[in-house]
Amino acid sequence: ATAAAAAALFPSAESPGGFPANVSNEAEAEEEVTDFSKEAKEDLVIEERYLPPNRRAAKRRHFRLHPKGVGVVCVKKEGIKAGTYVQDYLGELYTPWRWYERQDAIKKREPGKALPDFFNITLERPKDDDAGIDTLFVEAAHRCTFASRLSHSCAPNCQTVVLAHGGRLTIAQYTTRDIAFGEELSWNYSCVTESEKEYRAAICLCSSTRCKGAFLDYAGSSSFTAVMSTKHDFCDRNALLIRACAERVTDVDRKRLAAAGIKSAALSMAADVKAEQERSSERPSDDAGRDDVSEDAKSTPSPPPSALSGSSECPEWLVKWASLTLEYIETEKVLLPDALMEKPLDGITYDRFFAEATAAGVFATRLTNLVVTLDKIKYVLRQPGQCRLPFLRPLSDAEIVDHLWLGSNGIFRRAIDAMNGSGSGPNALGAKGSEARNVLARLKALRDGGGVDFPGFSQSSPFADGVSPATPNEARAGLRLVSQMIRTCGNDHVALADCLLLYAETERWVTPAPYVGFTSPPVKLTPLPKDAEYDAEKAFRKTAASAAEEEMSREDTSEAFPTDVTRVVSDTNGGHAKEKHDDGNTETDVNEDASGEKKNDAIDRINPKEPPRGKSLVKLAKRYRGDLENVMRKKYQQHFCWGQLVSWFKQTIYDPSASLSADRRGTMSLPDPESAYSKPGSYQKNERKVLLTHLEKNCDRSWPTTWRWSFRNPAKVYGSPFIDDAILVSRGEERRVPELVRRMREM
C-alpha cells in the first residue's frame, strides 16, 4: 500500500508544522502548508534528480556532498532551531513477509551489489497501543519526501519519532539541536545488518569525532552474541519450540506478552480477505492506476486496523513459542550489561551506562525480530489448506516404543542388522562360538520374540520371557540392556553400544507436522532513476562499441544487440521484456501505450550519440536466468517454519530451513546404528575420547562430518539427551548430560 493508502492502516497525525502526514502527494501538501513549511521549502535543499518533473521546485538548488553523495543542507541564514519539524517520512508500505521477499528478489536482480539502497525505515506501532506492537516497512525509494534523503551521521542533528493523533500514526523528523547555515541535516540510521560483507562495506563518512566507522551495526558483533552464544544456542532454541508444541498457554504467558506489547496486532491471524477488503475500501481513489505507485505495493496485503475484534488468534503453540522466546529476550537484557563489561569486546571497553544502553538497543532489535518472525509464520499458516498443528508434534507412547524397538525403522531392529553385517572388518564377529556371535544370536532371539538370558539382567523383566516393551520406559530399559550386551563383544562393537545408549537416554521425541511448501506471487521491482540511467548508459556503451565493429553503416542500432545473450529491459514502471536467448527461443512481453496500441519494450531505438534514459538492463546471476517472473517468486520449503522459528533473530536468510540438516547432526538427530561400522579401526582408543570431550564441552554444536557417524533418519523422528537437557535448563532444572558422560567414561 502507498503511504496515502496506508493511512487506513497506520493513519498518521497532523505534524506540528501543519503538514498532514497522510497526504498522497506533494501537490496536496502544498495547499495545506503553514508559514514555516513555506519557508522550509526554501531552506532545505535536495538533489533533484530523484524527483519526478512534477515535483521539482524552480527555486530549489541542488548540490553534491563529497564524498558522500546526495544530502540535505540548511540554507536559511539564521539557521534552524532545535525541536523544529522537518518532514514526514513517507513511502510505500510493506508487511514484513513481503518486504523480505523483495529483498530476496533484489539480491537475485543485483547479485554483485555490495550495499543495498538505504531509503527504508520501519514504522512500529507503540507497545501502549490497544493492539500492541506491529511493524511495517516504509520503502521511500520512489514515492517519498526528502526526509529519506538525509545522510547518516554518528552525531546527528535530527531524529525520527512516531507520532499518534486520533488513532493515526506517522514517522516525523525533528531537529535535535540548533542547525547553522550551511550545515548538513543528518540522522542516525540505527540499522542492523546480518551480513558481515555489508557491514564492512558500510564505511561511515560523517567525519564526526564520535564516528564509529560504519553506518550499520553488525548482528554478529559481540553485543548481540555475548549472551546468546551461551544461553540461546541451537539446542536451546529447539527446546523452546518443542516446549511450545507440547505445553499450554498460561496466564503468566499472557501477562508477559502483554507487558512487552505483544498483543492482538502481532498475535492475530487477520484473514487476508478481510484485511484486503478494508484496505481497498479506504485507499484514496486518486491512487488507482497511478504509474508512480509500485505495482508490488498495490498487490501486497496490509495488516488489519487497530481494532482486531472478530479475527482469530494464532494457534496456541505459536503464542506459547512467542512467550518462551520473549522470556529469553528479557533474560538477555538483564545479563548483557555484565557480559559486556566483563572484558573488552570488539576493541570496545564498556562502562555501566554504555553497556545498559547497548542492552536496551539489542532488546529493541530482538523484539522487532520476534514480531517480524510471527508475521512470516502467520503468512505461511494463512495459505489455503495449510496445516496449523504444532510444528514439532510430540510422539505418543506407542510411537516412541515403535521408534526405539521393532518398528519398520526401529533402532533395535536396525542395530541387529548393522551388527550382523559387521562392516568394520571381516573378523569383527570372530570365529564360530565367539562372544560376539553368541550375543548376536541372543539379540536375534529377543527380536523374534524369544527370551533373553544375560548375567545381571532381572528375570522378572518382560524381556526374560521374550515380551516386547509396552511403554517408553521399558523400551529405553531394553536399549540399555542391548547396549550393555554389545559392549562385551570387544572394541569393534563399542561404537554401536555408545550409539544405542544415547537413544536409551533420550526422553522426548518429536516429528514435523505435515506442512506443505508453496510459492508466493512474484515481486515487481522498479529501479531507481539513477540506477536506470547508469545501467542503460553502461549497456549503451557496450552495445555501441559492438555495433560499430560489426556494422558501421547501420543507423538502426536496435539490430546491434547480440542475439546470443539474454537481455531483460525494465522501465521505471516495473515493466520488463525478455529478448532472444542463445537457444533461439524468443519470449517478449508487450505493453499498451496511451493510445491503446501494443508497444514492445524490448525493441528500443537507440540514438548512437546519446545513451537511453529510463531503461534498465537487469542482470541476473546465471543460476537465476530464465523466466523473470518465476525468478521473482519466493519458494517456501516444507520446513520453512522450523528454520525461521529457530533462527528468529535473523531475517535475511532466503531459506532458513536449508541449514537444519547440518545443524541437527548430533544435536537433535542421533547417529544411525549402521554408521557405527562405517570406518575400520579402533573407535575405543581414539575417536571415543574425542566424542566424549565434545559431549562434555560442546554438546550444543553439530558433530563434525569427519567422524564416522552418519544421520540417516527415514522415520523423521528427532530427539537427543542434549535437547532434553536444554528443556530442563529452560525450566530451571539440573542438566543430566554431565552425569551421562561420566558414566560413559567409566564403561
Side-chain angles (χ1 to χ4, degrees), residues 3 12-21 23 25-27 29-52 55-91 117-121 138 140-141 143-163 170-191 203-212 215 529-530:
S12 44
E14 261 194 30
S15 304
F19 200 141
V23 295
N25 54 50
E26 188 170 301
E30 294 284 356
E31 298 175 2
E32 300 188 52
V33 293
T34 62
D35 292 340
F36 168 76
S37 296
K38 291 177 181 178
E39 295 176 6
K41 184 173 63 176
E42 302 291 331
D43 298 341
L44 303 175
V45 187
I46 62 175
E47 167 57 68
E48 292 187 10
R49 69 175 182 154
Y50 289 99
L51 299 175
R55 294 183 61 189
R56 293 176 183 170
K59 295 183 180 181
R60 284 181 178 156
R61 300 171 305 180
H62 64 277
F63 64 96
R64 191 177 295 275
L65 294 174
H66 293 287
K68 293 189 296 184
V70 175
V72 178
V73 298
C74 172
V75 295
K76 191 176 182 179
K77 296 296 184 181
E78 59 272 28
I80 304 175
K81 295 295 183 181
T84 299
Y85 163 75
V86 177
Q87 185 58 280
D88 277 2
Y89 204 111
L90 302 184
D117 293 308
F118 287 95
F119 297 123
N120 61 284
I121 192 173
V138 182
R143 296 196 73 203
C144 59
T145 61
F146 65 79
S148 62
R149 267 54 184 181
L150 268 66
S151 295
H152 165 86
S153 175
C154 298
N157 50 31
C158 297
Q159 71 175 19
T160 58
V161 293
V162 176
L163 300 180
T170 188
I171 301 174
Q173 281 183 335
Y174 287 85
T175 57
T176 57
R177 60 173 176 79
D178 292 348
I179 299 177
F181 169 75
E183 186 178 358
E184 181 185 7
L185 277 69
S186 60
W187 62 297
N188 190 329
Y189 286 177
S190 300
C191 186
I203 300 173
C204 182
L205 301 172
C206 72
S207 302
S208 164
T209 56
R210 293 187 293 174
C211 181
K212 59 184 181 182
F215 60 82
K530 64 182 181 66

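Because the structure is predicted, anything quoted here is derived from the model rather than measured.
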Q.
Has Thr160 got a side-chain atom pairing as donor or acceptor with Ile171's backbone, closer than 3.5 angstrom?
A.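 Checking the backbone N and O of Ile171 against the side chain of Thr160, no donor-acceptor pair under 3.5 Å is found.
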
Q. Taking the side chain from Asp88 and the backbone from Ala147, do they hold a donor-acceptor pair closer than 3.5 Å?
A. no

Considering only heavy atoms from C-beta outward, does the side chain of [X] approach that of [Y] to under 4.5 Å?
X      : Y      : value
Tyr85  : Leu163 : no
His152 : Asn188 : yes
Leu90  : Val138 : no
Cys154 : Cys204 : yes

For [X], enumerate each residue passing the side chain to side chain contact (heavy atoms under 4.5 Å, CB included) test, keeping only those at least two apart in sequence or located in another chain.
X      : answer
Thr175 : Ile80, Thr84, Val86, Cys158, Ile179
Gln159 : Val161, Thr176
Ala82  : Asp178

Q | Heavy-atom pair of closest approach, residues Glu184 and Val73 | A |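 Minimum heavy-atom separation between Glu184 and Val73: CA-CG1, 3.8 Å.
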
Q) What is the minimum heavy-atom distance between Leu150 and Tyr189, and which atoms define it? A) O-OH, 3.0 Å

Q. How long is the span from the OG atom in Ser148 to the CD1 atom in Ile121, to the nearest 0.5 Å?
A.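 Here the rounded value is 9.5 Å.
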
Q. What's the spacing between Ser151 OG and Phe215 CZ if we round to 0.5 Å?
A.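 Answer for the OG-CZ pair, Ser151 versus Phe215, is 10.0 Å.
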
Q) Do the ring planes of Tyr89 and Trp187 sit parallel (below 30°), tilted (30 to 60°) or perpendicular (above 60°)? A) perpendicular

